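First the structure, in the form of structure tokens, and then the observations on it.
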Amino acid sequence: MPRDSRPEPPVSEAALFARASELGGRTLGDVAARFDLVPPPDLRRAKGWVGHLFEYALGATARSRASPDFEALGIELKTIPVRRDGIPCESTFVCTIDLAGIGSVEWDESLVKRKLSRVLWIPVAGERDVPVAARTIGTPLLWSPSEADVAALRLDWEELSAVIGRGDVEMLTGHLGRHLQVRPKAADARSRRRGVDRDGASIATLPRGFYLRAQFTAKILAEHFAIGSQRHDREM
DNA sequence: TATTGATCATAT
DNA sequence: ATATGATCAATA
């Protein structure tokens, strides 16, 4: 029998953050056991397992629904795998791209801007030499991008969107974009999605998504820790 | 070894 | 087949 059943959605941002904070310092195995879930030995065949665990443990809206994860609060949940030194192991997936329509979308109404407006980051040990069940949960961070962040993300988004919009999606590589990049987001390399070519004609191409580079999220987490230790100093 | 391109599971 | 949750693994 599970010791805890699935919690109700949190009623406020503070309640959500408090709930997430209680998980800090514990292992994924601890949390999974509370809900009678079994951690896989590794994530090769369960890449979304950590994210799903936290959706469940924090009372996120059902997986079937559209984002944000906490609809009533307008908060997006992101687990982020980190090394022992706190630096992210991976980039962070933001959203898939409507390759046929993004050329006529403005930044202010973009999915990237909306999804990143409020994010609950949960750092989790992500090194592959640690079994999933033994991986430690870090201190959560409730984040909104600074004005400088928004400006920088907008610059990347507009550049990348323009390339897609003008019909050069096939020229895009993961190299483009300072903080935001475009990479495949598909079941495999044969997947196809509707896009447009340089003549504006409809083509079938690889589905792609926006991702945040690890360097960008590293900065977010680093600033978080810096502020945390500053507060700690003042308390002493 | 950091990064890009490829891939895996589940639910709808 | 698409959307959401991401990490894997080959490459540079």
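Keep in mind that what you see is a predicted model, and the values were worked out from it rather than measured. Letters A, B, ... are given to chains in the order of the sequence lines, protein chains preceding strands, and every chain is numbered from 1.
Using a 4.0 Å cut-off, some side-chain N or O of A:Arg83 falls inside it from OP1 or OP2 of B:dA2. For B:dT4, one of the phosphate oxygens OP1 or OP2 lies less than 4.0 angstrom from a side-chain nitrogen or oxygen of A:Gln181. Remark: A:Arg45 is not in phosphate contact with C:dC8, judged by side-chain N or O atoms under 4.0 Å from OP1 or OP2. Close to C:dA6, at under 4.0 Å from its OP1 or OP2, lies a side-chain N or O of A:Thr79. Of the side-chain N and O atoms in A:Gln215, one or more sit less than 4.0 angstrom from OP1 or OP2 of B:dT3.
Considering only the side chain of A:Asp188, B:dT7 comes nearest among C:dC8, B:dT7, C:dT4. Among the nucleotides C:dC8, C:dT4, B:dT7, the one closest to any side-chain atom of A:Arg44 is C:dC8. The side chain of A:Arg193 lies closest to C:dT2, out of C:dT4, C:dT2, C:dC8.
Contact annotation for A:Thr92: no contact, since no heavy-atom pair falls under 4.0 Å across all strands. Here A:Arg183 lies in heavy-atom contact (under 4.0 Å) with a base. A:Gly48 comes within contact range of at least one nucleobase, with a heavy-atom separation under 4.0 Å. Contact annotation for A:Ala189: backbone-only contact, meaning every heavy-atom pair under 4.0 Å involves sugar-phosphate atoms and none involves a base. Across all strands shown, A:Pro81 has heavy atoms under 4.0 Å from sugar-phosphate atoms exclusively, and none from any base. Using a 4.0 Å heavy-atom cutoff across all strands shown, A:Thr173 reaches sugar-phosphate atoms only and no base atom. Contact annotation for A:Ala214: no contact, since no heavy-atom pair falls under 4.0 Å across all strands.
Salt bridge annotation for A:Glu170-A:Arg208: present, with a cationic side-chain nitrogen under 4.0 angstrom from a carboxylate oxygen. Ion pairing between A:Asp168 and A:Arg198 holds under the 4.0 Å rule for side-chain N and carboxylate O. A salt bridge does not link A:Asp108 with A:Arg114: none of the charged nitrogens is closer than 4.0 Å to a carboxylate oxygen. A salt bridge links A:Arg118 with A:Glu13: the distance from a Lys NZ or Arg NE/NH1/NH2 to an Asp or Glu carboxylate oxygen falls below 4.0 Å.
Both A:Arg135 and A:Cys95 lie near DNA chain C, and the one whose nearest nucleotide falls closer to the 5' end is A:Cys95. Two residues, A:Cys89 and A:Lys47, neighbour DNA chain B, and the one matched to the more 5' nucleotide by heavy-atom proximity is A:Cys89. Each of A:Tyr211 and A:Ala46 has a nearest nucleotide on DNA chain B; the 5'-most of these lies closest to A:Tyr211.
For A:Ser91 and A:Arg183, the side-chain atoms include at least one donor-acceptor pair closer than 3.5 Å.
What separates CG of A:Leu111 from P of C:dT4 is a distance of 7 Å, to the nearest Å. We find that CD of A:Glu127 is positioned 14 Å from C1' of B:dA2, with the value rounded to whole Å. Rounded to whole Å, atom P of C:dT11 lies 14 Å from atom NE2 of A:His175. In this structure, A:Glu55 atom CD and C:dT4 atom C1' are separated by 8 Å, rounded to whole Å. Look at CZ on A:Arg194: it is 10 Å from P on C:dT2, rounded to the nearest Å.
A distance of 7.5 Å separates CD1 of A:Ile97 from CG of A:Leu172, quoted to the nearest 0.5 Å.
Evaluation of atom-type donor-acceptor distances gives a pair under 3.5 Å for the side chain of A:Arg128 against the base of C:dA9. On a pure distance criterion of 3.5 Å, no polar donor-acceptor pair joins the side chain of A:Lys78 and the base of C:dG5.
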